[in-house]
Novice: 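What follows is a structure written as structure tokens; I'll ask about it next.
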Amino acid sequence: MVTDIKREIDLRPTTKIENIVATVILDQSLDLNLIESRVPNVSYQPDQFPGLILRLEKPKTTALIFKSGKMVVTGAKSTQQLIDAVKKIIKLLRKYGIKIVSKPRIQIQNIVASGDINAYINLERAAYLLEDSMYEPEQFPGLIHRMREPRVVLLIFSSGKMVITGAKEESEVETAVRNIAKKLLDLDCLLPKKSE
Amino acid sequence: KLRRWQARSRIQSSIERNLAQAMNELDRLSDQLNLPRNVKEEAARIYRRAVEKGLVRGRSIESVIAAAIYAACRELKIPRTLDEIAKHTKSSRKDIARCYRLLLKELDIKVQTSDPIDFIPRIAHALNLSGSVMKKAAEILHRARSLGVTAGNDPAGLAAAAVYIAAQLSGERRTQKEIAHVAGVTEVTVRNRYKELAKELGIDLPTT
DNA sequence: AAGTTACTTTTAAAAGC
DNA sequence: GCTTTAAAAAGTAACTT
């Protein structure tokens with residue numbers, strides 16, 4: 001019974017990193033108009049947004065490049081993909097004659113992941129018993145929970161699937177899912193998916 | 001001393017000016033939304049507390065009043081969606097929703113999850129459906145909730161689907177289009193919800 | 001009625017309005 | 001606060017076919 005459910009949710013939670021947002025600092029200024037005129041497939045509309053948009057196909061990522069030499073890279077699904085993307089962006093800029101001297105300083109700012117605890121969740125009950133949560137099915141089907149440790153936000157659905165966002169380290173994702181699974185179990189908000 | 005009095009006076013008058021303007025908005029919206037008196041009075045109380053806490057600074061009076069009305073409706077379980085309230089203002093649903101969350105947090109207002117059953121009377125009355133249809137629709141939603149098949153669904157859509165099924169079963173048939181219209185959802189949503197409810201509750205609908 | 005596309009929610013950073 | 005990027009979850013919406 002309860003111990004079976006516990007075994008199910010403690011061992012079955014799965015997580016997958018879906019998107020990593022990072023800032024990259026090149027200690028030098030950049031001429032965005034020059035980049036736009038030389039590098040293909042970029043978009044630069046300063047009246048709409050101060051950053052130049054560059055999309056990479058291989059590690060499918062997108063970079064927002066600013067004249068200060070700082071950039072935001074989004075879309076990577078792993079730290080390795082993120083690093084590969086940054087190297088590729090710099091190689092691309094150099095290929096078109098844009099001088100980049102400094103080594104890029106990469107900092108992960110946000111990790112978005114999906115998770116699944118393999119048990120149905122009683123959202124109404126969870127909304128009532130779980131602190132820092134909001135559940136407004138009129139607006140969004142998921143329950144929004146702000147966890148303090150790790151400090152992340154979870155979007156929890158009745159299917160047992162969820163979205164974890166706001167993490168700075170990959171390990172926080174799994175910790176958060178384990179934490180919420182235990183809390184929901186303790187609050188008796190779970191319903192096992194496979195009976196018996 | 002005189003300065004402090006003047007400053008206080010200035011602040012008080014600005015609060016009063018703000019309140020006066022807000023109450024005018026509240027009067028207008030209450031009429032357009034046909035709000036019961038108790039909802040209007042609660043919204044006024046909420047707004048007054050918001051002003052006293054300085055929550056209106058940097059926000060439009062209209063958005064905050066709209067949010068106060070929505071909060072009052074939720075507290076008193078008077079069904080009004082954020083969209084219908086927004087329809088009567090220049091503010092966006094998103095902006096009002098933001099103010100609503102702020103009011104709940106800052107004023108410690110506790111609200112339960114919307115109950116789709118509360119939407120049944122509005123839909124049924126708008127279509128001249130009988131009390132027995134309403135009773136049946138409510139029973140359908142009670143059973144659905146106990147089975148956990150309503151999680152994540154829009155309460156207005158669930159109520160519309162339950163009324164549709166109850167009306168069919170009672171021989172007071174209304175089209176999905178009519179029900180969807182008064183419930184403020186699309187026909188597709190009514191269809192999706194009623195099919196799921198019928199399936200999960202084992203209800204057989206008279207063939208159309 | 002099915003299929004598409006697209007919007008709702010959350011997160012973080014960049015420079016500037 | 002807004003603007004732009006990406007991504008998942010599940011529900012709803014708006015068009016096409």
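Below, read A as the first sequence line, B as the second, and so on, with proteins coming before strands; counting in each chain starts at 1.
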Novice: Among all residues two or more places apart in sequence or in another chain, which pass the side chain to side chain donor-acceptor pair (under 3.5 Å) test with R55(A)?
Specialist: none
Novice: Atom CD1 of I20(A) to atom C1' of dA8(D): distance rounded to whole Å?
Specialist: 14 Å
Novice: Which letters describe nucleotides 10-17 of chain D, given B = protein heavy atom under 4.0 Å from base, S = only from sugar-phosphate, - = neither?
Specialist: BSSSS---
Novice: Would you list the pairs meeting side-chain hydrogen bond (donor to acceptor under 3.5 Å, both in side chains) in which at least one residue belongs to residues 86-99 of chain A, sequence neighbours left out?
Specialist: E57(A)-K88(A)
Novice: Among residues 81-92 of chain B, which contact DNA chain C at a heavy-atom distance under 4.0 Å?
Specialist: none
Novice: What side-chain donor-acceptor pairs closer than 3.5 Å can you find for residues 101-115 of chain A, not counting sequence neighbours?
Specialist:
from    : atom 1 : to      : atom 2 : distance (Å)
S102(A) : OG     : D27(A)  : N      : 3.0
Q109(A) : OE1    : T23(A)  : OG1    : 2.9
N110(A) : OD1    : G166(A) : N      : 2.8
S114(A) : OG     : E18(A)  : OE2    : 2.5

Novice: Please tell me if R191(B) has a side-chain N or O lying less than 4.0 Å from either OP1 or OP2 of dA2(C).
Specialist: no
Novice: Check the distance between dA9(D)'s P and Y120(A)'s OH and give it to me in whole angstrom.
Specialist: 16 Å
Novice: Assess whether a salt bridge exists between E62(B) and R28(B), defined as any Lys/Arg side-chain N lying under 4.0 Å from an Asp/Glu carboxylate O.
Specialist: yes
Novice: Whole angstroms only, please: what is the CG-C1' distance between L143(A) and dT9(C)?
Specialist: 12 Å
Novice: Tell me the interatomic distance from I180(A), atom CD1, to dA9(D), atom P, rounded to whole angstroms.
Specialist: 18 Å
Novice: Scan nucleotides 10-17 of chain C nucleotide by nucleotide, 5' to 3', and note B when protein non-hydrogen atoms come under 4.0 Å of the base, S if they reach only the sugar-phosphate, - if neither.
Specialist: BBBBBBS-
Novice: Evaluate I117(B) against R145(B) for side-chain contact (heavy atoms from CB on, under 4.5 Å), listing each step before the verdict.
Specialist: CA-CA 10 Å; I117(B) 290 173; R145(B) 182 169 51 191; 4.2 Å; yes
Novice: Side-chain donor-acceptor pair under 3.5 Å between Q112(B) and K77(B), yes or no?
Specialist: yes
Novice: Tell me whether the rings of Y194(B) and Y164(B) are parallel (<30°), tilted (30 to 60°) or perpendicular (>60°).
Specialist: tilted
Novice: Using a strict cut-off of less than 4.0 Å between a Lys/Arg side-chain nitrogen and an Asp/Glu carboxylate oxygen, indicate whether R193(B) and E196(B) qualify as a salt bridge.
Specialist: yes
